[in-house]
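Right, one structure below, let's go through it.
Here is how names work: the chains are called A, B, and so on, in the same order as the sequence lines, proteins then strands, and each is numbered from 1.
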2 protein chains.
Amino acid sequence: MVKKVELTPRKKTILKAIVNTHISNGEPVGSKSLTTNQQIALSSATIRNEMAELEEMGYLEQPHTSAGRIPSEMGYRFYVDNLLQQYKLTAGEIVKLNSMLKAKAAELDRLLDNASRVMTALTGYTSLSVKPQNISPSVIKFSVIRVDGITLLLVMILEAGTVKTSYMSTPSEVDDEAALKLQNVLNHHIAGQPMEQVTLPVMMAAEREMGEHAFLIQSAIKCIYDTISEPEHADLRLEGIDRLLQYREYSDVMRLRGLLGALEKKDEIVSMISGADTDKVNVLIGSENAVDPMKDSTLVFKTITQDGHIVGAIGVIGPCRMDYSKVITTVDYLSRSINGLIGGALPPPGENENDPNNGGSS
Amino acid sequence: MVKKVELTPRKKTILKAIVNTHISNGEPVGSKSLTTNQQIALSSATIRNEMAELEEMGYLEQPHTSAGRIPSEMGYRFYVDNLLQQYKLTAGEIVKLNSMLKAKAAELDRLLDNASRVMTALTGYTSLSVKPQNISPSVIKFSVIRVDGITLLLVMILEAGTVKTSYMSTPSEVDDEAALKLQNVLNHHIAGQPMEQVTLPVMMAAEREMGEHAFLIQSAIKCIYDTISEPEHADLRLEGIDRLLQYREYSDVMRLRGLLGALEKKDEIVSMISGADTDKVNVLIGSENAVDPMKDSTLVFKTITQDGHIVGAIGVIGPCRMDYSKVITTVDYLSRSINGLIGGALPPPGENENDPNNGGSS
DNA sequence: TTTAGCACTCGTTGTGCCGAAGTGCTAATC
DNA sequence: GATTAGCACTTCGGCACAACGAGTGCTAAA
């Protein structure tokens, strides 16, 4: 049923027009409504024939006999891959984007949240931001701060610059000197290696070096372990959920519920995103999404990387009939900006340089 | 129309029965269906009369002439204040609650998240957790860690034990000694006082003490200021939004959208919660909620306090016909547990001691 | 004071009908 | 051969209408 033939330019024009109008009004588009289109100087009958062929080829679908056509997933895919017109951010939009990012926000957390908010505001879709868990990262540097007699604060600087802190209770009183000692020993023996390699011999060496305060090592290592290897329950945040409801695709309660339920399973989403391409905007249309209740939706996202590691992602979720052009551009712009701000390799995008680089994925 | 008269015991029983059955099935309850109730050995006609009077008094409403009655907001209020039967957490539920809390989680953030999750799981309603912003807290103790030549990490221990960190770029190379110096000076001059009191003279004194590294003070103070006085954009999190959709109250898309939209305005919700009573479970029924789109919903929450300050809150949001008994008990149990864990004055609740202490609020 | 009975109300459900939109196909036209 | 006009056909959505049922209020009897 689906023949893989190159589309004629005319078919492309028609397909593009169909997708565009369907995206904007959500209704099946009929042959007649296309005759008003400037690009297409054809009668409705001709268009009907072309549409029939496009359907034959798999790019269009008909909800029922006497309705217009809507793009199939394959149609959207083709549109995204080949027909997308470049969206140009307006000056106002760029100002909005930048002002959001300029807000004192050196920390990734806050950057992601801000980005999420502005994405929702600009695109009108629900947006998401992800901070994936670090898989047992190693600590670059320790610092031990004595809070009071029996409480220490461990500060851990992790690989990507992330900072974690954790309070640690000590079995007995410790003084500043002991804290400093602990700090030195931790930096000496533990820092720089993944936690799996902190084996018994390593710990014993550390204890030896601690001298009379050896008892601190046990608690400290447990504390470190708990802090950095905690699952961090895959932080996924949604912003603007109410936006979903403006599309009739989600007025079916069961479908909406399914989607929301799926989005609650944050780990799944996060692992999906973590496995994606890091160098482009990923567009997962309909059943390209692994999770079943998302098969009616489209997820557009791009990862944030630092030193080659994925440290997060931002994206947008909405119906398949999505303003791809605008969404992709926005996601791309923001992710580049963030990458730039956190000191990644990519420069922050200039105001005129928007190259979404949207490649297919399925 | 609403006469303030004491209800007869029989009226109470009937009202209670009505609320209970309406809560469980969501439909208007008719006089006949109540005759099967053991507590009420009356004919439907008698019950009808009582119901008519209860409606007269304002406790019940009739969606339309030939439907049963549903509780009015006032009915719910009375139910919550006077008729609520003690819900007894089952052993299994307590296990669930505790296991969630035992998970290594000394940090409030994680505690709140966990609590939220388990609340949703146990009650079946959407739950929320709030971490309000600290209004310009003062730093108890500073620690300065030299990351590399031109980067320092400031660690700030705030009043309630919260730890904040922030990277700070230095204008020129600094060594360990300078970092240590900065730490001492910050602890000496800045620690312990609210940021408003860090005035020019204070800063100058600090700079004087810094000697050749005086230039660090400016950046440091700006950095501190940015970090601790940042609005922290009122952190409100929802868990289990999909749960909302199982109630027919929210199958009306516009209403649902309104509610979700309102919940997106996190600041409003947070400020509402921050202004609430700290020593009991707050129950805001329908129009007792300040925000308009929440007027069809009920919000049950309790604040988490530490040293008398509100440091967070957990709660549940759902339709007015909510399983108040279970929800209130769960929220109370969890909030007490958390208060206990973060070292508040209240002891964590024992397994048999559930005293929700639900007072009216409007 | 309670209850049985009955007329009444009103929402819900199911049915049939009609119009609108849009198609596919055929035959005429360029 | 490609395009177009015309027409019969299909399907959905909305509307009116009737039948039904649940539940009430009221009256009169127990």
Select from B:Asn49 and B:His64 the residue whose nearest nucleotide in DNA chain C is closer to the 5' end of that strand.
B:Asn49
Would you mind reading off the distance between B:Glu27 atom CD and C:dT12 atom C1', rounded to a whole angstrom?
12 Å
Closer than 4.0 Å, any side-chain N/O of A:Arg69 to the OP1 or OP2 of C:dA21?
no
What is the distance, to the nearest angstrom, from the NZ atom on B:Lys32 to the P atom on D:dG25?
16 Å
Using a strict cut-off of less than 4.0 Å between a Lys/Arg side-chain nitrogen and an Asp/Glu carboxylate oxygen, indicate whether A:Arg69 and A:Glu55 qualify as a salt bridge.
yes
Indicate, with a heavy-atom threshold strictly under 4.0 Å, whether B:Ser44 touches base, sugar-phosphate, or nothing.
nothing
Is there a ring-ring contact (aromatic ring centres under 6.0 Å, His included) between A:Tyr247 and A:Tyr125? Walk through the geometry before answering.
CA-CA 10 Å; A:Tyr247 302 101; A:Tyr125 295 95; 5.3 Å; yes
Nearest to the side chain of B:Gln62, which nucleotide is it out of C:dT23, D:dG25, D:dT10?
D:dG25
What's the CD-P distance between B:Glu56 and D:dT24, to the nearest Å?
16 Å
Winner on side-chain proximity to A:Met51, out of C:dT23, C:dC10, D:dT11, is C:dT23
Looking at B:Ser297 and B:Tyr250, what are the two nearest heavy atoms and their distance?
OG-OH, 2.6 Å
Here's a test for you: under side-chain contact (heavy atoms from CB on, under 4.5 Å), which of B:Val300, B:Ile273, B:Val316 qualifies with B:Leu128?
B:Ile273
How close or far is atom P of C:dT1 from atom CD1 of B:Ile40, stated in whole angstroms?
19 Å
Of the listed nucleotides (C:dC10, D:dT10, C:dA4), which one gets closest to any side-chain atom of B:Ser43?
C:dA4
With the side chain of B:Ala45 defined as its heavy atoms from C-beta on, choose the nearest nucleotide among C:dT3, D:dT24, C:dT23.
C:dT3
Atom NZ of A:Lys326: over 12 foreign heavy atoms under 6.0 Å
yes
Please examine the side chains of B:Glu288 and B:Leu299, heavy atoms only from C-beta on, and report whether any two atoms are closer than 4.5 Å.
no
Contact list (N/O, under 3.5 angstrom) for nucleotides 28-30 of chain D vs protein:
none

Take A:Glu6 and A:Lys12 through the test salt bridge (charged side-chain N to carboxylate O under 4.0 Å, His left out) and record every step on the way to the result.
CA-CA 10 Å; A:Glu6 187 59 27; A:Lys12 287 187 185 175; 3.5 Å; yes
Closest approach of B:Ser251 and B:Arg248, non-hydrogen atoms and distance?
OG-O, 2.7 Å
Which part of the nucleic acid does A:Thr46 contact within heavy-atom distance under 4.0 Å: base, sugar-phosphate only, or nothing?
base
Side-chain contact check for B:Thr65: nearest option of C:dC10, C:dT3, D:dT24 is C:dC10
Specify the separation, in whole Å, of atom CD1 of A:Ile70 and atom C1' of C:dA21.
16 Å
Nearest-Å distance, CZ (B:Arg48) to P (D:dT27)?
14 Å
Do A:Lys302 and A:Lys280 make a side-chain contact, defined as non-hydrogen atoms from C-beta onward lying under 4.5 Å apart?
no
Please give, in whole Å, the distance from C:dG22 C1' to A:Leu60 CG?
14 Å
Short side-chain N/O contact to D:dA2 OP1/OP2 from A:Arg10, under 4.0 Å
no
Rounded distance (Å) that lies between atom P of D:dA2 and atom CD of A:Glu50:
11 Å
Any side-chain heavy-atom pair of A:Arg321 and A:Tyr76 under 4.5 Å:
yes
Restricting both atoms to N or O, compile the protein contacts to nucleotides 20-22 of chain D shorter than 3.5 Å, with distance only.
none

